[in-house]
Participant: 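Input: one structure, supplied below.
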Amino acid sequence: MKQRILLFAGVRSASGLDHIDIDVDDDATAQVVLDELERQLPDSGGLIRISRLAIDGRYVGNDEQVGHCSGEFALIPPVSGG
Amino acid sequence: MKQRILLFAGVRSASGLDHIDIDVDDDATAQVVLDELERQLPDSGGLIRISRLAIDGRYVGNDEQVGHCSGEFALIPPVSGG
Amino acid sequence: MDDSRLIRLVNEPIRLAEWEAKLADIDCGAQAWFAGVTRRTTETNDGQTLLTKTLFYEAHPTMAVGQLDQLAIDAIGKFELRRVVIVHRLGEVPLGEASVLMGCASPHRKDCFAALPWMMDRLKQEVPIWKRETFQDESTEWIHPEPRDPT
Amino acid sequence: MDDSRLIRLVNEPIRLAEWEAKLADIDCGAQAWFAGVTRRTTETNDGQTLLTKTLFYEAHPTMAVGQLDQLAIDAIGKFELRRVVIVHRLGEVPLGEASVLMGCASPHRKDCFAALPWMMDRLKQEVPIWKRETFQDESTEWIHPEPRDPT
C-alpha cells in the first residue's frame, strides 16, 4: 500500500520535502516504515532513527502494524518546543 | 525606660489601640516586653504569646536585651499575608 | 535596591500587564508568576465549607517592604534569578482579585519553578502582613496561624 | 473542549495581559504562569557560550493542539486544577519574546506549583513542535534532543 508521510523540522529541511510517498506492505510495522524512510532519506538517517511515527495525531509504537492504516502519517523527530 | 510599641491586626483590633507605651528596665529582654504587653492587654493574651517583637523592622530573639533600645518597637502577631 | 528587585505595596488592583515588562532580561529564558487571589470557599479541617465575602489586608508597611526585599535578595542568592518582582495589595481585596503577585526570571526554568514556592512560603511565614476575613454572614476574623516552628 | 482548557498556536507576540483573565475562577486562590522566552546566551557542556540571534518554531499544528489538549486534561486529572491555558507561538520568535505561555489556576497554590513544571516537561518531551536556532554567526540548526527514554 502506498503511504504518504509528512516530514518536519530537520528531516524536512535536509530533504527539501514536506512529505514523501512510500510503498509498504499492509502488515508492515511502524519500524518497517521508519526503516524505509531511513533508506529513502539517507541524509536524515541518524535523525530518523530517533524519530517516532504518528498516525492521525497519535504516536504509534514501533511494533504496531500500520501498513494498512488509512490515517495521516507523520514522522516526528525529537521535539524541542517550549 | 518608656517604650512605645506599635500594635497590628488582631491585637490592634481587640485593644482598639495602634500603639501602647510601657515601662521596662534597660536590661529587659524581648520576652519581658512581651510578658508586660500580655499583662496590659489581657484580651490578646493568647495571641501575644505567639507573637514576636521587632525593632526597626527586624525580628529580635526573645532572649535579647532590648529595654534600652531606641528604635521603633512593633508587636508582630503571626502573619497571614499572601 | 538595584533593578533586579522590585518590591511594592499597593492599594489598587494588581494588573499583571503592568508588571510583566519588569522581568525582561535578555539572558533569561524563563519567567514565572504567581498570583494569590481571594477565594470564595475554604474547606475547614472538620469538613465545613466557609464562604468568604471579602478580605482586608493590613501591613507594618516599612518592615514588610524591608522583609520582602530581604526575601528577594535571599532568593536571588539561593536560586539563579536575575529579576524578582513582589507586589502586595493592602486594604480590601474583593473575591477574584489578587492580593499578591510574585514574579521571577532566570536563565533556565528550574530556578523559577523552585524559587516561586520558596518565596511564597517565606512570605507567609515572615512578612508582617495580615488578612482579615469577612465571611458571607458578615462575621470577621483576623487570621493568625499558629507558628509551626515556635522560636 | 470545555472552558477549563484553552490551547492556542499563534503567529503573533504573546501578551500575558491578553490571557490573564482566562484563569479567573472564583474558587481558585492560586494562579501561576510560566513564559519561555528566547534567550541570547546558551552555555554548552564543554563550557562554550553560544549566542542566539533568533529562533524559529515549526509545528505539526493539528497534532500539537491535540497533544497539548491531552496534556492539559492529564494535568487537570493529576493536580487539582480548574483552568489551564497553553499558548505556543510559531514562526520567528525574536530575543526576549515568549515562545510559550502556560498558566493554571487551582484552589491552593501547591497544585499550581506542581503542575507548571510537570506540564512544561511533558510539552518538551511529547508535543510536535520544533525550534531552529539561528546563531549570531548566521549558522542555523534544528534542535532535536536525543530522547532520554527511547521507546
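A note on names: the letters A, B, ... follow the listed sequences, proteins ahead of strands, and every chain is numbered from 1.
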Participant: Strictly less than 4.5 Å between heavy atoms, which residues of residues 34-44 of chain B line up against chain C? Please order them by number.
Facilitator: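 Under the 4.5 Å heavy-atom cut-off, nothing qualifies.
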Participant: Between C/His88 and chain B, with a heavy-atom cut-off of 4.5 Å, which part of the residue counts as in contact: side chain, backbone, both or neither?
Facilitator: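 Answer is side chain: those atoms of C/His88 sit under 4.5 Å from chain B.
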Participant: Flag the one option from B/Gly57, B/Gly81, B/Ala9, B/Gly10 with the top tally of heavy-atom pairs under 4.5 Å to chain C.
Facilitator: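 Top option by heavy-atom pairs under 4.5 Å: B/Ala9.
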Participant: Quick check for you: among C/Ala98, C/Pro145, C/Gly66, which has the greatest number of heavy-atom pairs under 4.5 Å with chain B?
Facilitator: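 That would be C/Pro145.
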Participant: For the CG atom on C/Asp46, are there more than 12 heavy atoms of other groups (residues, nucleotides or ligands in this structure) within a distance under 6.0 Å?
Facilitator: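 It does: C/Asp46 CG has more than 12 such atoms within range.
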Participant: Kindly indicate whether the side chain of C/Trp130, heavy atoms from C-beta on, has any atom under 4.5 Å from the side chain of B/Ile76.
Facilitator: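 Result yes, sub-4.5 Å side-chain heavy-atom pair found.
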Participant: Could you state the interatomic distance from CD1 (B/Ile50) to NE2 (C/His144), rounded to the nearest 0.5 Å?
Facilitator: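 Atom-to-atom, B/Ile50:CD1 and C/His144:NE2 are 8.0 Å apart.
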Participant: Is it the side chain or the backbone of C/Gln125 that comes within 4.5 Å of chain B heavy atoms, both, or neither?
Facilitator: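 Backbone only.
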Participant: Taking atom NZ of C/Lys124 as the centre, does the number of heavy atoms from other residues, nucleotides or ligands within less than 6.0 Å exceed 12?
Facilitator: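 Count over threshold, so yes.
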Participant: Which atom pair, heavy atoms only, marks the closest approach of B/Val79 to C/Ile129?
Facilitator: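 So the minimum-distance heavy-atom pair works out to CB-O, 3.5 Å.
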Participant: Measure C/Ala59 against the heavy atoms of chain B and call it side chain, backbone, both or neither at under 4.5 Å.
Facilitator: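 C/Ala59 touches chain B through backbone heavy atoms alone.
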Participant: Tell me which pairs pass ring pair (Phe, Tyr, Trp, His ring centres under 6.0 Å) where either residue lies in residues 52-82 of chain B, with sequence neighbours left out.
Facilitator: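 For residues 52-82 of chain B, and leaving out neighbouring residues, there are no ring pair (Phe, Tyr, Trp, His ring centres under 6.0 Å) pairs at all.
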Participant: Can you give me the closest heavy-atom contact between C/Ser99 and B/Gly82, atom names plus distance?
Facilitator: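 In this case the closest contact between C/Ser99 and B/Gly82 is OG-O, 3.1 Å.
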Participant: Would you mind reporting whether C/Met63 and B/Glu72 have side-chain heavy atoms less than 4.5 Å apart?
Facilitator: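 Not touching, per the 4.5 Å side-chain cut-off.
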Participant: Counting heavy-atom pairs under 4.5 Å to chain C, which of B/Pro78, B/Ser51, B/Ser13 comes out on top?
Facilitator: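 Between B/Pro78, B/Ser51, B/Ser13, the count favours B/Pro78.
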